[in-house]
Engineer: 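Have a look at this one before I ask anything.
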Amino acid sequence: MDWNFIGEIAPTILEGLWITLSLFAWSMLFSTILGLMLALMRLSQIAPLRWFSIGFGWFFRGVPLLLLLFYAFFALPELGDTFLLSPFRAAVLGLSLWTAAYQSEAFRSGIIAVDSGQFEAAEALGMTKLHSMRKIVLPQAARIIIPPFMGNAINTMKQTSLATVITVPEMTLLAQRIISNEFKAVEPLFTLALIYLALTSVLVIAQFGLERTFRLKV
Amino acid sequence: MSPLVKIEGLRKSFGDLQILNGIDLEVERGEVVSIIGPSGSGKTTILRCLNLLERPSGGLIEVDGQVLCSEDAAGKMGFASKREIRKVREELGMVFQRFNLFPHMTALENVIEAPMAVKGVKRKQAESTAHELLESVGLSHRADHYPLQMSGGQQQRVAIARALAMDPAVMLFDEVTSSVDPELAGEILLVMKNLAQQGMTMIVVTHEMGFAADVSDRVLFIDHGLVVEQGDARRVLDEPQHDRTKAFLHAVLERAPMESDLDAGDDRVGFHVALDGQGGPTGQEVSEAGSEPDELARLAAENERLRRELDGARRQLDRPEAGT
């Protein structure tokens, strides 16, 4: 392996870091909101909401992310010009829907793991459903949600690399360009792997911190 | 004046399983009513229907004049609006068998949460009330502890303070000593007894026959979702009229209660009925502990007594969920 070459290409690949991080941040933002809504819908007493949530999870967990990205970028515009998305937006859309399907199950598992007595105690005290969800159930569910939630986050971080296929100039695309221009694969791929590892390591450390924050005081 | 709580023909079924078959119960202001009965008889379901944690299948429930649910001529149930139900719940302080304290909040936060969220009480005011309430249940020194840092008895007393913080008209106690170690039941019962003496209206589902005999004005014996027998606490427990009541009391107490037990000891300590007579503290010893100003000594004596009572009861009672 040519270490000098790595030194030369690393800055080029890192030019895509900002886009990778943006893809990740936007996708996490949307998928967290949507995932929580889907989880609450799934637990709702209103049947059509439950069905929608189940159908959503079934579809977006059942279709490859690659396909979702192709759809968002190539197929959606067929519906009309308003759906003509930039590569970046199409990628955020695909990643958000895909991640939300997984996050909704993380949220739901956390919420149903909270003892039903907690909800009852809150209800018996006259609290509204919204308040007891926000102040009583979710803070306790958080402890249980964190591991699968962060697992999904790590997955999404890595899957931003798939945005390459719809020409989003994130790190993987830049690395691929180097490979085809310089006819050298080992160094760009090695560099890329190191950067992704660094990014996911940050998430692993964040998970430690979150778990400590939400640990029950015994 | 109309009764504070009025239940008429209350029925509840879960699928094919009929739990309540038409319960009638009226509770006046200041009255303490104990509900006893075998496991699965529907005692707990009555309380849970009363604040609509369970939706009744039939019958009428009225709290302080507000109809919570009623049945029309065709037998169709009608329920109060969510808002009205929440309003009534403010008047019904519920204490659960398994405490159900919020584990992510300190004792103090547990007590102030609902007054602030539901009644809009300012934090400062809520905290000062909470400190008073925690003190009244003997836990002012535990205000900043989390539930899991406390014993079962302490958690249950915090739960009582939490319910009282809403300034309810009625307190509902659902087998509140059943999930604590027997030696800790006494401290909970003592708090409840004090409440009763202060004139709180209480509906108590319990296996503590001594407590039922000593503190309640009225005892209901429930079996198979029906009130089998009810009346003055001492009369129901000492001279049960129905065979089923007799059989139940016989099973719960190692032997049928005797007059001499009822006469022994002073009223302040109470819990006469169920002493199992196996060389526990004598009435005299307990009376002395009762007049001892030191709270701890009194609690210790109560605890010891209740532990014996419960041991006896547990041995006799067919209660598969005991100790869970």
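Lettering follows sequence order; numbering is per chain, from 1.
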Engineer: Below 4.5 Å from any heavy atom of chain A, which atoms of Met105(B) appear? Answer side chain, backbone, both or neither.
Structural biologist: side chain

Engineer: So with a 6.0 Å cut-off around CZ of Phe208(A), is the heavy-atom count from everything else above 12?
Structural biologist: no

Engineer: Side chain, backbone, both or neither: which part of Leu92(B) has an atom under 4.5 Å from a heavy atom of chain A?
Structural biologist: backbone

Engineer: Please look at Phe96(B) and chain A and tell me whether the side chain, the backbone, both or neither of the residue comes under 4.5 angstrom of a heavy atom of that chain.
Structural biologist: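 For Phe96(B), side-chain heavy atoms alone lie under 4.5 Å from chain A.
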
Engineer: Let me know if Leu101(B) has heavy atoms under 4.5 Å from chain A in its side chain, its backbone, both or neither.
Structural biologist: backbone

Engineer: Give the atom names and distances for all donor-acceptor pairs closer than 3.5 Å across chain B and chain A.
Structural biologist:
unit_1: Arg48(B); atom_1: NH1; unit_2: Glu120(A); atom_2: OE1; d: 2.9
unit_1: Arg48(B); atom_1: NH1; unit_2: Glu120(A); atom_2: OE2; d: 3.4
unit_1: Arg48(B); atom_1: NH2; unit_2: Glu120(A); atom_2: OE2; d: 2.7
unit_1: Asn100(B); atom_1: ND2; unit_2: Gly117(A); atom_2: O; d: 3.1
unit_1: Leu101(B); atom_1: O; unit_2: Gln118(A); atom_2: NE2; d: 2.8
unit_1: His104(B); atom_1: NE2; unit_2: Lys135(A); atom_2: O; d: 2.8
unit_1: Glu113(B); atom_1: OE2; unit_2: His131(A); atom_2: NE2; d: 2.7

Engineer: When heavy-atom pairs shorter than 4.5 Å are enumerated against chain A, which of Leu148(B), Leu172(B), Ile85(B) gives the highest number?
Structural biologist: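 Most heavy-atom pairs under 4.5 Å with chain A: Leu148(B).
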
Engineer: With only heavy atoms counted, which part of Leu216(A) is less than 4.5 Å from chain B, the side chain, the backbone, both or neither?
Structural biologist: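 Side chain of Leu216(A) only, per the 4.5 Å heavy-atom cut-off to chain B.
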
Engineer: If you take all heavy atoms of Ala121(A) and Phe102(B), which pair is closest and at what distance?
Structural biologist: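 In terms of heavy atoms, the two residues are closest at CB-CE2, 4.0 Å.
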
